[in-house]
Visitor: 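One structure, pasted below without further comment.
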Amino acid sequence: MLEINKLRENVSGAIELLKTRNKDFTSEVNSVIAADDKRKSIQVELDATLAESNGLSKQIGDLFKSGKASEAQELKAKTAVLKEKSHALKEEMHSMEKQIKEILYLIPNVPNLTVPAGKDDSDNAKIDEEGTMPDLHAEALPHWEIADKYGLIDFELGVKITGAGFPVYRGKGAKLQRALINFFIDEASDAGYEEVIPPHLVNEASGIGTGQLPDKEGQMYHTEVDNLYLIPTGEVPITNIYRDVIIKESEFSHKLCGYTPCFRREAGSYGKEVRGLNRLHQFDKVEIVRVEHPDNSYAVLDEMVEHIKGLLRKLELPFRTLRLCGGDLGFTAALTFDLEVYSAAQKRWLEVSSVSNFETYQANRLKLRFKNSEGKSQLAHTLNGSALALPRILAALLENNQDEKGIRIPEALVKYTRFDYITE
RNA sequence: GGAGAGUUGGCAGAGUGGUCGAAUGCGGUGGUCUUGAAAACCAUUGUGCGGCAACGUACCGGGGGUUCGAAUCCCUCACUCUCCGCCA
């Protein structure tokens, strides 16, 4: 969530930038400031009341000790009124604090200056495009038919075992999946990221820490008996490694990567958008996470995008980079780049990575700080990106690399798959 | 699942009703000494909120209560650990 004191420094500026999200947060911002003003005035009164009451308590103690019990009794009577008053003020304080928090939860991150205004994904700004479009033969198939033809993925079996959106990968399909995971992890390790294997279920505090709770509760699977959530992305457990942590300024950067399955309820999704591997309830992803000094975080964001482009080049997939417009920007992000690969048989661009700088929005909830050069605690910046999400990569690989012989495996992957063609 | 113990500052760990924002040690920072470093010694060192500041106030896992006064007593919730049981 936003830091209220930072918000106060430039209220109108924040309101203006928030407008690029294609929504007006003027009333939320104004009401949170008003609520904070009220909170302050209550606190001044409360502090004064408590100060008086603390002073009396001290006197009473001294009087008892020096044996002046009757004088002490007199003072005791006076404290009753103060106690009542401070109780009432405390209650008001709590309700104001709660109100402030609730409004802050409704306000998304302030977009970076470079975020284009826009309504939805059609307004995202294309930055670049790279790679050669495959020239498919006439009988080219969409990936779900390829997967079926070569026995790589059994969607029906997943339906039996669990339900729609939980595919069973088998044979070379499973091996290809595992190869991609290892390839992505190795590439991240080579780029200096420490590999972690985090828990796949998280508690409520972690969900709040990275911003999935309370806003997006319905998107996560929830285990009621234990009150745990299945992770929708590795971002949640990996970033929460840094919850309630104060790091040393000299220790920047923190670079972590990890493979996790991801679980998403995807309530409300339907139609051809979700066909095959396009949208699943369970999928695999390698995530890269950074904790950075505020002065450095945007350079790091570019570096992360470059890392991901490198992966796509090695996989020989045509891709493009988008700068998300305000309307498509995630709630907690200040700036996001999406990378999309072209899936030739579907003739569609598929999002395979989303790389974001959250600035201090997550760090504020996480209480993730560092000691700055003045010795003061300051919120760090968090960033993360998919490097990469597997299913759509798989879809593009299958569709783009099909020829008369079968499916060609890109060179860089062969040492992981230990086969270079998928044939019938 | 059963029984017990615990949760205190960056870390370790003391503190059972006022003199406790909290001993002590480690760590951090500054200094003395030294050619330099180490050691030793001295000083300093938590966070939030309000305030220009002085200062005030809150925080000893969370919430509530008793009391003039709570880290300390009571209730409640969460978590951690140990032993037993079950189990990969």
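Every chain is numbered from 1 and lettered A, B, ... according to where its sequence line falls, protein lines coming before strand lines.
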Visitor: Select one nucleotide: of B:rU57, B:rC49, B:rG18, the one nearest the side-chain heavy atoms of A:Leu50.
Guide: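 Per side-chain heavy atoms of A:Leu50, the pick is B:rU57.
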Visitor: Now, which nucleotide makes the Watson-Crick or G-U wobble pair with B:rG27, with each of the two distances under 3.5 Å?
Guide: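 Paired with B:rG27, as far as the under-3.5 Å criterion goes, is B:rU45.
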Visitor: Which part of the nucleic acid does A:Asn5 contact within heavy-atom distance under 4.0 Å: base, sugar-phosphate only, or nothing?
Guide: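 The residue A:Asn5 makes sugar-phosphate contact but no base contact.
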Visitor: Any side-chain N or O of A:Lys371 less than 4.0 Å from the OP1 or OP2 oxygen of B:rU47?
Guide: yes
Visitor: What interatomic distance, in whole Å, is found between P of B:rG2 and the corresponding atom of B:rU72?
Guide: 29 Å
Visitor: Reckon A:Ile246 touches a base, only the sugar-phosphate, or nothing at all at heavy-atom distances under 4.0 Å?
Guide: nothing
Visitor: Please work out if A:Asn54 contacts a base, only the sugar-phosphate, or nothing of the nucleic acid, heavy-atom cut-off 4.0 Å.
Guide: sugar-phosphate
Visitor: Rounded to whole angstrom units, what separation is found between the CE atom of A:Met93 and the P atom of B:rG63?
Guide: 13 Å
Visitor: When rounded to the nearest 0.5 angstrom, what distance separates CD1 in A:Ile15 from CD in A:Glu28?
Guide: 10.0 Å
Visitor: On the nucleotide B:rG18, are OP1 or OP2 found under 4.0 Å from the side-chain N or O atoms that A:Lys58 carries?
Guide: no
Visitor: At less than 4.0 Å, is any side-chain N or O atom of A:Arg369 found next to OP1 or OP2 of B:rU47? Yes or no.
Guide: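 Checking B:rU47 against A:Arg369, no side-chain N or O comes under 4.0 Å of OP1 or OP2.
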Visitor: For nucleotides B:rC52 and B:rA71, find the distance between their C1' atoms and express it as a whole number of Å.
Guide: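 These two C1' atoms come out 34 Å apart once rounded.
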Visitor: Partner of B:rU7 by Watson-Crick or G-U wobble geometry, both contacts under 3.5 Å, or none?
Guide: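 The answer is B:rA78, by the H-bond criterion.
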Visitor: Please work out which of the three classes, parallel, tilted or perpendicular, describes the rings of A:Tyr416 and A:Phe183, given edges at 30° and 60°.
Guide: perpendicular
Visitor: Parallel, tilted or perpendicular, judged at 30° and 60°: which one describes the rings of A:His293 and A:Phe370?
Guide: tilted
Visitor: Is there a Watson-Crick or G-U wobble partner for B:rC55 with both distances under 3.5 Å, and which nucleotide is it?
Guide: B:rG50
Visitor: Say you pick atom P in B:rG27 and the same atom in B:rA22; how far apart are they, in whole Å?
Guide: 23 Å
Visitor: I'd like to know if the side chain of A:Thr360 pairs up with that of A:Glu3 as donor and acceptor (distance under 3.5 Å, no hydrogens or angles considered).
Guide: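 Looking only at side-chain atoms, A:Glu3 and A:Thr360 do form a donor-acceptor pair, the distance falling under 3.5 Å.
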